[in-house]
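Please read the structure below before turning to the comments.
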Amino acid sequence: MQVSVRLLKVVVFMTLSLPLVWLGYAVSRELSNPGVVLGADPGEAVLHFFGDWTVRLLLLTLSVSTMRRLFRQPAIGRYRRMIGLFAFAYAVLHMLSYLGFLAEFEWRIVLEDFVDRTYITVGISALLLLLPLALTSTRGWQRRLGRRWRRLHKLVYPAMGLGLLHLLWLTKDGYAEPLLYCAIFAGLMVERLVDWRRRT
Ligand code: HEM
């Protein structure tokens, strides 16, 4: 692998880790000055923080193919796996924040929420759809699954859709941001449709 590609991978990795660095800083400030950075309910703030970054990074993952085509830069595709795995990691941290701060690791509460609160059911379904994608993201699995790998990885579309539905469902303070995310997703899907029609 060329040195410049490796270097860029390190840069992408560090950029995607920046939210975690910010959160580390926020938590350290909270310890000395409670409520200053994360507000009255730090647990909820952390939960929302990871939820927001999951949506943003899933959209970024989906936009890699679009950017590759629009700018005629196939090399951009090299970073898609890393961005996708970061999106999955943030989704898992989001889920763990829910389990720790809201459900307090009480499986009875999780089960009740899963049955009674539809947005939780939808969120968990989105995460479950992302799981096989993360597990089969390696080159080895790509080779082993062949054409089926591409088909399997189309699960990212329903996962993104369910993630956005989950967000729209639970939003209480304004729809501007969720609708912006939905518009970006719609734009990326339209670009794929146009590309597919051009090729067939
Ligand atoms: C791909 C999967 C998921 C995505 C994209 C996602 C995204 C989000 C986003 C963006 C928010 C709102 C953040 C904000 O308002 O600033 C949120 C909140 C939340 N999510 Fe998720 N989420 C996902 C999966 C899950 C899962 C698996 C659970 C739990 C089992 C969950 C539980 C929650 C809860 C409890 C809230 C806060 C609700 C409230 O404020 O009352 N999410 N999620």
Side-chain angles (χ1 to χ4, degrees), residues 16-27 30 35-65 80-137 152-189:
L16 296 172
S17 309
L18 282 179
L20 290 176
V21 175
W22 184 87
L23 189 66
Y25 159 78
V27 170
E30 279 296 311
V36 168
V37 188
L38 294 177
D41 190 340
E44 203 176 304
V46 171
L47 171 73
H48 283 227
F49 176 85
F50 283 128
D52 285 338
W53 279 103
T54 305
V55 175
R56 290 170 195 156
L57 291 188
L58 278 177
L59 285 174
L60 188 63
T61 311
L62 290 177
S63 63
V64 169
S65 309
R80 187 173 50 187
R81 181 158 68 110
M82 194 193 293
I83 304 171
L85 284 174
F86 261 91
F88 179 71
Y90 281 107
V92 170
L93 290 170
H94 176 61
M95 163 94 171
L96 289 175
S97 320
Y98 159 77
L99 288 178
F101 298 123
L102 258 67
E104 292 172 348
F105 292 109
E106 282 236 23
W107 299 107
R108 183 187 48 80
I109 298 182
V110 178
L111 204 67
E112 271 171 24
D113 277 353
F114 186 79
V115 175
D116 298 338
R117 296 162 86 181
T118 321
Y119 73 83
I120 300 264
T121 323
V122 172
I124 292 179
S125 311
L127 188 63
L128 288 178
L129 287 179
L130 291 176
L131 184 66
L133 309 193
L135 292 177
T136 60
S137 67
L152 176 71
H153 280 248
K154 291 208 174 4
L155 283 179
V156 70
Y157 301 118
M160 182 78 255
L162 288 175
L164 289 173
L165 184 65
H166 165 77
L167 173 59
L168 285 168
W169 218 304
L170 60 85
T171 294
K172 293 171 214 127
D173 26 284
Y175 283 91
E177 204 175 321
L179 288 180
L180 174 68
Y181 294 143
C182 290
I184 295 172
F185 183 46
L188 293 171
M189 296 312 290

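Order of listing sets the numbers, starting from 1, for every ligand and every atom in it. Below, each value reflects all heavy atoms present in this structure, side chains not excepted, and no hydrogens, waters or symmetry copies.
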Exercise for the section: May I ask whether Glu177 places a heavy atom under 4.0 Å from ligand 1? Expected result: no
Exercise for the section: Select the closest option to atom 28 (C) of ligand 1 among His94, Glu44, Arg117, Lys172, judged by heavy-atom distance. Expected result: His94
Fill in the blank from the handout: d(Leu85 CG, Arg80 CZ) to nearest 0.5 Å is 12.0 Å
Problem - Note, Leu167 side chain near Tyr175 side chain (heavy atom, < 4.5 Å) - result: no
Exercise for the section: Do me a favour and list the nearest non-hydrogen protein atom to atom 1 (C) of ligand 1 with residue, atom name and distance? Expected result: Ala126 CB, 3.7 Å
Problem - Heavy-atom side-chain contact between Thr61 and Val64 under 4.5 Å - result: no
Exercise for the section: Say whether His166 and Ser125, considering side chains only, have a donor N or O and an acceptor N or O under 3.5 Å apart. Expected result: no
Practice task
Give the contacting part of Leu170 toward ligand 1: side chain, backbone, both or neither, where contact means a heavy-atom distance below 4.0 Å.
Solution key: side chain
Fill in the blank from the handout: If we number the atoms of ligand 1 from 1 as shown, the ones under 4.0 Å from a heavy atom of Met95 are 27 (C), 30 (C)
Practice task
Tell me which part of Leu47 gets within contact of ligand 1: side chain, backbone, both or neither, using heavy atoms under 4.0 Å.
Solution key: side chain
Practice task
Note the single closest protein heavy atom to atom 40 (O) of ligand 1, along with its residue, its atom name and the distance in Å.
Solution key: His48 NE2, 2.8 Å
Completion exercise
Note: ligand 1 atoms sitting under 4.0 Å from heavy atoms of Ile124 are 27 (C), 30 (C)
Fill in the blank from the handout: For atom 13 (C) of ligand 1, the closest protein heavy atom turns out to be Asp52 OD1, 3.2 Å
Practice task
Could you check atom 32 (C) of ligand 1 against the protein and tell me its nearest heavy-atom contact, residue, atom and distance included?
Solution key: His166 CE1, 3.7 Å
Problem - Proximal atoms of ligand 1 relative to Leu102 (non-hydrogen, under 4.0 Å) - result: 35 (C)
Exercise for the section: Flag the pair Ile120 / Tyr98 as yes when at least one side-chain heavy-atom distance between them is below 4.5 Å, and no otherwise. Expected result: yes
Handout entry: Numbering as shown, the atoms of ligand 1 that approach Val55 to under 4.0 Å (heavy-atom distance)
Key = 5 (C), 7 (C), 10 (C)
Exercise for the section: Decide yes or no for Phe88 and Leu58: does some side-chain heavy atom of the first lie under 4.5 Å from some side-chain heavy atom of the second? Expected result: no
Fill in the blank from the handout: When every non-hydrogen atom of Leu164 is compared with those of Cys182, the smallest separation belongs to CD1-CA, 4.1 Å
Exercise for the section: For Leu127 and Val92, work out which heavy atoms get closest and say how close. Expected result: CD1-N, 4.3 Å
Fill in the blank from the handout: Among Gly51, Gly174, Ala45, the residue with a heavy atom nearest to atom 9 (C) of ligand 1 is Gly51
Practice task
Select one of side chain, backbone, both or neither to describe which atoms of Ile120 lie under 4.0 Å from any atom of ligand 1, heavy atoms only.
Solution key: side chain
Problem - ligand 1 contact on Leu164 by region, counting heavy-atom pairs under 4.0 Å - result: neither
Completion exercise
To the nearest 0.5 Å, atom CG of Leu129 lies from atom CD1 of Ile124 at 12.0 Å
Problem - atom 26 (C) of ligand 1: nearest protein contact (heavy atom, Å) - result: Gly123 C, 3.8 Å
Handout entry: Rounded distance (nearest 0.5 Å) linking atom NE2 of His94 with atom CG of Leu99
Key = 10.5 Å
Fill in the blank from the handout: NZ (Lys154) and CG (Leu133) are apart, to the nearest 0.5 Å, by 11.5 Å
Practice task
Distance to 0.1 Å, residue and atom name: give those for the protein heavy atom nearest to atom 38 (C) of ligand 1.
Solution key: Tyr119 OH, 3.7 Å
Exercise for the section: Name the closest protein heavy atom to atom 11 (C) of ligand 1, giving the residue it belongs to and the distance to 0.1 Å. Expected result: Leu167 CD1, 4.0 Å
